[in-house]
Each structure stands twice: as C-alpha cells, then as structure tokens.
Amino acid sequence: MSVVIVVGAQWGDEGKGKVVDLFTERANVVVRYGGGANAGHTLVIDGKKLVTHLVPSGVCHPGKSCVLGDGMVIDPHTLLEEIADCQSKGLLARGELLIGLGAHVILPYHKLIDGLREDHGAKRGKSIGTTRRGIGPAYEMKAARRGVRMRDLLRFDRLRDLVTANLDDLAPVITHLGGTVPTASEIAKWIDEAAAAGERLRKHTGDAGRHVANAIAKGEHVLFEGAQGCLLDLDHGTYPYVTSSSTIAAGACQSAGIGPTQIDSVVGITKAYATRVGEGPFPTELHGAEGERLRQAGGEFGATTGRPRRCGWLDLPALRMGARLSGMQSLALTKLDVLANLPEVKVCVAYRLDGKELDEPPTDPDDIARAEPVYTKFPGWGKLPSDARDFTDLPATARAYVDTIERMAGVPFCLVSVGPDRSETIRLRDPFA
Ligand code: IMP
C-alpha cells in the first residue's frame with residue numbers, strides 16, 4: 001500500500017496532468033483535492049488531446065476510481081460537460097467517479113462576483129488576475145458558513161433557501177461593484193438549473209472521505225492530485241496573488257479527511273523553466289522576444305482561460321520554498337524539451353535583496369518584486385532526443401542542468417519528461433515503490 005501526493009512546485013501549470021496520468025498506472029484511486037475549474041490539465045494520449053478541469057487526470061486509465069474531494073469547489077455544469085466529453089472518448093464508461101457530498105458548489109453568482117471584483121480591481125490597478133471561475137467567492141462563502149454544498153443540490157428546499165439567502169447578502173456587493181442584481185426570475189432559473197444538475201450528478205455523489213480511507217485500509221495505492229502550485233497557496237504563497245485554497249501537500253489530507261500519518265510520499269512537479277498566470281511578483285520573468293520564444297515553444301497559454309502565461313527562467317529559491325512547504329521527497333521535471341536549441345539556458349540560484357543573498361523568496365510580495373535574480377548559465381544543448389528513455393541518452397549539458405537543479409533544490413528527481421506524450425519520459429524512480 002502506498003499513498004502518494006503529487007503537487008505543483010511552482011505557480012501552477014507544471015505539467016501535473018501528464019505526471020498524474022503516468023503514476024495512475026500504479027494507482028487504484030486518484031483524488032483531486034483542491035480548487036475547482038480554475039485548473040486545466042492537458043493530456044495527450046496517442047496523439048489525442050483531452051483537457052480536464054475538474055475530473056482527475058487519472059481518468060485516462062479506465063477502471064481507476066476518480067474522486068473529487070470535499071475540499072473542492074465544483075461547478076456542476078462544467079462537471080457535467082466534462083463527464084460527457086470523457087464518455088464520448090470512451091472514458092468513465094463504468095461511472096467510476098465519486099464526488100464528495102461535502103464539496104462546495106459554484107453557481108452563476110460566484111462567477112459574477114469574481115468577474116466584477118476583477119474589473120473593479122483592474123480600474124485601480126489592483127486585480128489578482130483570477131480565472132473568473134468563481135473560486136474566491138465560493139471559498140469565501142464556505143468560510144462564512146453560507147456556502148452551498150453538493151449535498152444541498154440534492155435537497156431542493158435547502159438549495160432554494162441557501163441561494164436566496166446568499167443573493168440577499170450579495171445584492172449590495174453586486175451594486176457596489178457596478179453590477180446588475182439578478183432578478184427573482186433569474187435566481188429561480190439558477191436554482192432550477194442547479195437542482196437539475198444535482199439530479200444528474202446524484203449517482204456519482206457519496207462519502208468521499210470514507211471511500212479514500214477504506215481504499216487505504218484495504219492496502220490500495222492512492223494518488224492525490226494537487227491543483228495549481230505551492231506558491232499559489234492561500235496561506236503560504238505570494239499572498240494576495242494566490243488562489244483561495246490550500247495547494248500544498250497538506251491540503252490533500254484536509255480535503256480528503258485523512259490524517260498526515262497516512263501519507264507515504266510527496267512528489268513535486270516542476271517545469272524546466274517557470275511560468276505564472278495573472279498578477280504577482282515573478283523575479284525571473286523574461287520580457288520581449290526571449291519570453292515569447294519560451295511561450296511559443298512551450299505552448300504556454302492557459303488551458304482554462306487561454307491567457308498567455310508569463311514565462312521566465314527556472315527559479316530555485318521559489319522551488320526550494322515549494323519543496324519545503326510540501327515536504328517533497330522527489331521531483332518530476334517536465335518540459336525539458338522546450339529549452340532545446342537555445343544558445344544559453346539560465347537558472348536562478350538565489351535572490352539578491354538589499355545587499356544580501358537569499359536562498360528562498362522573502363515573505364513580502366513587494367520584496368519579492370524588488371529581488372534581483374542571481375543566475376548560473378549553461379551553454380545550450382541543441383536538440384533533445386524525444387526517444388530518450390535513460391538519463392544517459394540526454395546531451396551532457398542537459399544532464400548538467402538537471403543535476404544542478406537536483407543538487408541545488410536538495411530533492412532528487414524521480415522522472416524527467418522530454419515531450420508531451422506518455423512515452424516521452426525518463427523514469428528514474430517509482431513513487432509507489
Ligand atoms: P483563482 O484561482 O481563479 O481565484 O485565481 C487566483 C490566481 O491563481 C490567479 O493568478 C490565477 O491565474 C492563478 N491560478 C488559478 N488556477 C491556476 C492554474 O490552474 N494554473 C495557474 N494559475 C492558476
């Protein structure tokens with residue numbers, strides 16, 4: 001039996017989808033544990049593309065149990081579309097999906113508030129750059145104990161009372177933000193649509209926490225799939241430029257309702273360079289042609305919003321922080337191929353701030369923005385063989401780059417990805433072993 005958490009080590013979009021898909025070969029249960037449809041995982045299987053926002057990336061292995069944990073915020077309409085898309089591709093054919101009844105639900109007014117706040121903030125140069133998927137407002141209402149949960153979708157009277165009370169609370173906020181308060185008939189339509197979606201999802205709902213605990217007790221392999229990345233964590237990330245959930249490994253226990261003593265291993269995923277979407281400090285960001293080259297080569301456009309991602313060199317202080325926050329025991333390196341054919345590759349090994357060298361980012365976002373990256377340079381390595389399956393198949397300079405990251409991050413690699421396809425992978429260690 002092994003329980004493994006896979007977590008993004010940077011600001012999200014590290015290529016977790018591919019890694020979770022690979023690790024799922026050995027797992028019985030795959031659990032998505034945080035966030036909602038703000039995430040977007042692009043999977044390429046036999047050249048065919050599947051984008052998931054809510055359903056765990058392990059879905060591509062028929063017969064595995066896919067769980068949406070109680071710590072998530074779920075847009076029921078998006079989930080229904082995603083289930084239909086998976087089923088049209090022959091996946092989830094046996095309905096192997098379980099949605100925690102305690103997960104919170106995202107309804108149209110959460111998205112309305114998210115968008116209004118972003119527009120309002122933008123006018124003052126203070127937006128977060130959210131995905132506008134209603135994530136923040138849904139978690140706010142959860143913390144205020146006014147949220148709507150999956151279980152409430154299945155009880156019409158409760159759903160109606162909760163939504164009506166929510167909109168009473170929110171009407172002055174909507175007006176203040178320059179929005180239009182929904183009419184009674186719009187609200188009634190939202191309630192009816194949510195109830196109908198709940199009915200369609202009913203057969204997939206249940207006690208996700210017990211399901212996961214029972215699987216662990218039976219000695220099955222359980223894989224927790226993190227969303228976003230450690231530096232977007234609500235408590236420990238680059239606040240306020242973060243998401244509203246716990247993205248670090250500890251969030252897996254919180255969401256699924258299992259104890260930390262059940263976890264055997266934590267794997268962090270890092271890209272061979274860095275990206276960030278939305279606002280917030282990013283010391284190694286490349287502007288102009290260099291950034292554009294990485295963006296095009298890496299296809300760095302949001303799977304959820306289509307927004308161009310900000311691109312830069314790999315940031316070891318940020319990676320060290322992610323590794324510390326999640327207690328990573330191994331790392332998976334993705335998209336090494338994107339750095340092919342560059343004249344020179346750089347990696348930030350420290351920050352310089354007010355005359356001092358720092359091995360991790362300072363705690364204040366303004367200080368992170370002021371920090372100057374200290375770089376180590378590598379000569380480019382030309383083409384990377386996509387049929388590399390052994391570490392020694394890589395060019396010497398690429399190996400030196402990977403070795404330096406491993407040594408300076410202080411965490412060994414378990415996998416190096418050299419292309420988007422499942423097969424384009426160098427496997428070094430089995431996290432379930
Ligand atoms: P929210 O999660 O939509 O509230 O967005 C908050 C911040 O997290 C914004 O900077 C988003 O761009 C970022 N974010 C949310 N989800 C993801 C993701 O899956 N990948 C990368 N960034 C994300």
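Ligands are counted one by one from 1 in listed order, and the atoms in each one are counted from 1 as well. Throughout, numbering of the chain's residues begins at 1 and tracks the sequence.
Y241 is linked by a ring pair (Phe, Tyr, Trp, His ring centres under 6.0 Å) to nothing, counting only residues two or more places apart in sequence or in another chain. Annotation: ring pair (Phe, Tyr, Trp, His ring centres under 6.0 Å) contacts of F413 (sequence neighbours excluded): none.
Using cut-offs of 30° and 60° on the angle between ring planes, the pair F282 and W11 is tilted.
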For each nitrogen or oxygen atom of ligand 1, which protein N/O atoms lie closer than 3.5 Å, and how far apart are they, rounded to 0.1 Å?
{"unit_1": "ligand 1", "atom_1": "2 (O)", "unit_2": "N38", "atom_2": "ND2", "d": "2.9"}
{"unit_1": "ligand 1", "atom_1": "2 (O)", "unit_2": "T243", "atom_2": "OG1", "d": "2.6"}
{"unit_1": "ligand 1", "atom_1": "3 (O)", "unit_2": "T131", "atom_2": "N", "d": "2.9"}
{"unit_1": "ligand 1", "atom_1": "3 (O)", "unit_2": "T131", "atom_2": "OG1", "d": "2.6"}
{"unit_1": "ligand 1", "atom_1": "10 (O)", "unit_2": "V277", "atom_2": "O", "d": "3.0"}
{"unit_1": "ligand 1", "atom_1": "12 (O)", "unit_2": "G129", "atom_2": "O", "d": "3.3"}
{"unit_1": "ligand 1", "atom_1": "12 (O)", "unit_2": "V277", "atom_2": "O", "d": "3.0"}
{"unit_1": "ligand 1", "atom_1": "12 (O)", "unit_2": "R307", "atom_2": "NH2", "d": "3.0"}
{"unit_1": "ligand 1", "atom_1": "16 (N)", "unit_2": "Q228", "atom_2": "NE2", "d": "3.2"}
{"unit_1": "ligand 1", "atom_1": "19 (O)", "unit_2": "N38", "atom_2": "O", "d": "3.4"}
{"unit_1": "ligand 1", "atom_1": "20 (N)", "unit_2": "D13", "atom_2": "OD1", "d": "3.0"}
{"unit_1": "ligand 1", "atom_1": "20 (N)", "unit_2": "D13", "atom_2": "OD2", "d": "3.3"}

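Sorted by first and then second residue, the side-chain hydrogen bond (donor to acceptor under 3.5 Å, both in side chains) pairs involving residues 187-196 (not counting sequence neighbours) are K189-E193.
One finds a salt bridge joining D21 and R422 here, because a Lys/Arg side-chain nitrogen approaches an Asp/Glu carboxylate oxygen to under 4.0 Å.
When atom types are taken as modelled, the side chain of E186 and the backbone of T183 share a donor-acceptor pair closer than 3.5 angstrom.
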